[in-house]
2 protein chains.
Amino acid sequence: MSEGKRSAGRPRDAEAAGTIKAATLKLVRERGYEAVSIAAIASEAGVARQTLYNRWNTKADLVLDAVFEETGRYASAPLNDPTQTSRMQLERFLVQVFEHLAENGSTIRALIAAAQENNGFREIFRKHFVNPREEIVTDLLKRAQERREIGQDCNINILSSFVHGAFWYALLNGDTLDKDFARNIADEIFRSDRKSSGQG
Amino acid sequence: MSEGKRSAGRPRDAEAAGTIKAATLKLVRERGYEAVSIAAIASEAGVARQTLYNRWNTKADLVLDAVFEETGRYASAPLNDPTQTSRMQLERFLVQVFEHLAENGSTIRALIAAAQENNGFREIFRKHFVNPREEIVTDLLKRAQERREIGQDCNINILSSFVHGAFWYALLNGDTLDKDFARNIADEIFRSDRKSSGQG
DNA sequence: TATATTATTAGACTACCGTCTATTAATCCG
DNA sequence: CGGATTAATAGACGGTAGTCTAATAATATA
């Protein structure tokens, strides 16, 4: 269903999307989300503003597409390493996420803000950004449960929302997200006593 | 230092602040944060726009002041009830917060968004909204630790960020915040095994 | 009373978002 | 080739936030 027949009419400029995303990436990295206007991106890309709106609904949709195209890629591969304890896998995942955030944290904050102001974008953001990352942690916790590293009666979804919530909360409140924080989260999730109970 | 000497110049209209906050409260409740403009508030209050900006820096500051004047009041009193388990106190606190959120959740979400787009407001919001609420949970957990309801070696700050993070995360992602969620959070924080370890 | 000082008001101003329109360009199909 | 159709472009448009200015009003002080 991706290309199909190009029924009729002038076709879209095949290069425009790439050019626009490159311009977006460049400007957002240089100046930050808030300081970049749609007009500036269009100008940098050498297209009319409408060409942008033909492809993305809002600035937030465009930036999500341009800056986080690699969604889910950065964390999936190195994580499922059965030779490591789940606690260590979680800590390493969080360190990785926090390093990513040091570069893109302000953009992510802006997108979270945009998601609050725009219902359409909230769903897009959730589907393309939030859910994939949540799944990584949920899967990790499920494996941990299978390996008896946490109790069978633990509520995986709640623990997952503890993990994600903790760093959203820190991110949005301007706290520092460092290795200590990653270790403390992993410690508290995988307390030695957490694996002691029931068999589910 | 509150009134001091009114050195010179025309004094501020003593009633204006109240009138403006009342108008803000009314319109935000009726239409929601995004749909209310500063111009509409000024018009409703019967003052010029500048009179608003003489008192608050941004729409977010005004709304925080108007809608959440009672910050910290709604939850502090009934919470410290030593006849209840700490787990129960936490669950009741969360239920109370979630009920409050059912009414004001969308405004809070808008303010969290505004805090991402405005550094000045982020600090105000943190000081007047986030920190007082965080302290309630931190205090509750400290008392729980004194009463040996959780382990002496638990990291109170991390547990507190689990609790707050969990509902921020749910709130910002449009999840439902119900009694089950409150119970599940309290259950997972106060797992029976969490109190089993070290003496700090 | 006269002066300095501050508040209020109306309205101009810049900058932005997202929509819309009219014109021109590129393609398909008969 | 000649319509039909869709894209790209330039620019107008309405709505909003927050700043700024000029005129007027209210107060303290000399």
Side-chain angles (χ1 to χ4, degrees), chain A residues 3-20 23-24 27-28 31-65 110-111 113-121 124, chain B residues 3-20 23-24 27-28 31-66 110-111 113-122 124:
Chain A
E3 50 183 27
K5 51 170 173 281
R6 194 175 59 235
S7 54
R10 175 174 175 171
R12 286 194 172 179
D13 182 337
E15 294 179 11
T19 309
I20 292 166
T24 304
L27 293 183
V28 169
R31 308 181 196 169
Y33 181 92
E34 313 289 353
V36 174
S37 69
I38 290 280
I41 294 171
S43 166
E44 172 81 20
V47 300
R49 251 168 43 256
Q50 186 58 44
T51 302
L52 263 142
Y53 284 108
N54 282 346
R55 290 167 173 75
W56 296 275
N57 288 328
T58 68
K59 190 169 118 179
D61 291 273
L62 167 56
V63 170
L64 176 65
D65 203 6
L111 293 180
Q116 306 312 309
E117 293 155 356
N118 179 330
N119 288 328
F121 180 67
I124 300 273
Chain B
E3 47 184 26
K5 53 171 173 282
R6 195 175 57 236
S7 55
R10 176 175 175 173
R12 285 194 172 178
D13 181 337
E15 294 180 10
T19 310
I20 293 166
T24 304
L27 293 184
V28 168
R31 308 181 196 169
Y33 181 94
E34 313 287 355
V36 174
S37 69
I38 289 280
I41 294 171
S43 166
E44 173 81 20
V47 299
R49 251 166 47 256
Q50 186 58 45
T51 302
L52 266 145
Y53 284 109
N54 283 345
R55 290 167 173 74
W56 297 275
N57 288 327
T58 68
K59 190 170 119 179
D61 290 274
L62 168 56
V63 171
L64 176 65
D65 203 7
L111 293 180
Q116 306 311 310
E117 294 155 354
N118 179 330
N119 289 326
F121 181 66
R122 188 162 86 236
I124 299 276

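Every chain is numbered from 1 and lettered A, B, ... according to where its sequence line falls, protein lines coming before strand lines. No hydrogens, no waters, no symmetry mates; every other heavy atom, side chains included, goes into these values. A quick note: this is a predicted structure, and the numbers were derived from the prediction, not measured.
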**Prompt:** What distance separates A:Leu111 CG from A:Ile124 CD1, expressed to the nearest 0.5 Å?
**Reply:**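 The CG atom of A:Leu111 sits 12.0 Å away from the CD1 atom of A:Ile124.
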**Asked** Out of curiosity, B:Leu64 CG to B:Thr58 OG1, how far, rounded to the nearest 0.5 Å?
**Response**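 Here the rounded value is 9.0 Å.
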**Asked** Got a sec? Which of residues 31-40 of chain B come in under 4.0 Å of DNA chain C, heavy atoms?
**Response**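 Of all residues in residues 31-40 of chain B, none places a heavy atom under 4.0 Å from DNA chain C.
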Taking atom [atom2] of [N] as reference, at what distance in whole Å does atom [atom1] of [X] sit?
X	N	atom1	atom2	answer
B:Ile41	D:dG18	CD1	C1'	14 Å
A:Leu52	D:dA10	CG	C1'	15 Å
B:Asn118	D:dT19	CG	C1'	15 Å
A:Glu15	D:dA7	CD	P	18 Å

**Request:** Evaluate the side chain to side chain contact (heavy atoms under 4.5 Å, CB included) criterion for residues B:Val63 and B:Trp56: first the C-alpha distance (whole Å), next the side-chain angles of each, then the deciding distance (0.1 Å), finally the verdict.
**Result:** CA-CA 9 Å; B:Val63 171; B:Trp56 297 275; over 6 Å; no
**Request:** Please report the closest heavy-atom contact between B:Ala115 and B:Arg122, naming both atoms and the distance.
**Result:**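 Heavy atoms only, the tightest pair is O-CB, 3.3 Å.
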Give every donor-acceptor pair under 3.5 Å between a side-chain atom in residues 33-42 of chain B and any protein atom, sequence neighbours left out.
residue: B:Tyr33; atom: OH; partner: B:Ala60; partner atom: N; Å: 3.4
residue: B:Ser37; atom: OG; partner: B:Ala40; partner atom: N; Å: 3.0

**Item:** salt bridge (Lys or Arg N to Asp or Glu O under 4.0 Å) contacts in which one or both residues fall within residues 54-64 of chain A, not counting sequence neighbours
**Value:**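 Of all non-adjacent pairs touching residues 54-64 of chain A, none passes salt bridge (Lys or Arg N to Asp or Glu O under 4.0 Å).
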**Asked** For D:dG18, does OP1 or OP2 lie under 4.0 Å from any side-chain N or O of B:Lys59?
**Response**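 Checking B:Lys59 against D:dG18: no side-chain N or O falls below 4.0 Å of OP1 or OP2.
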**Request:** Starting at the 5' end of nucleotides 7-14 of chain C, put B wherever the base has a protein heavy atom under 4.0 Å, S where only the sugar-phosphate does, and a dash everywhere else.
**Result:** BBB--B--
Listing, residues 44-54 of chain A side-chain donor-acceptor contacts under 3.5 Å, not counting sequence neighbours, or none:
residue: A:Glu44; atom: OE2; partner: A:Lys26; partner atom: NZ; Å: 3.2
residue: A:Gln50; atom: NE2; partner: A:Asn54; partner atom: OD1; Å: 3.1

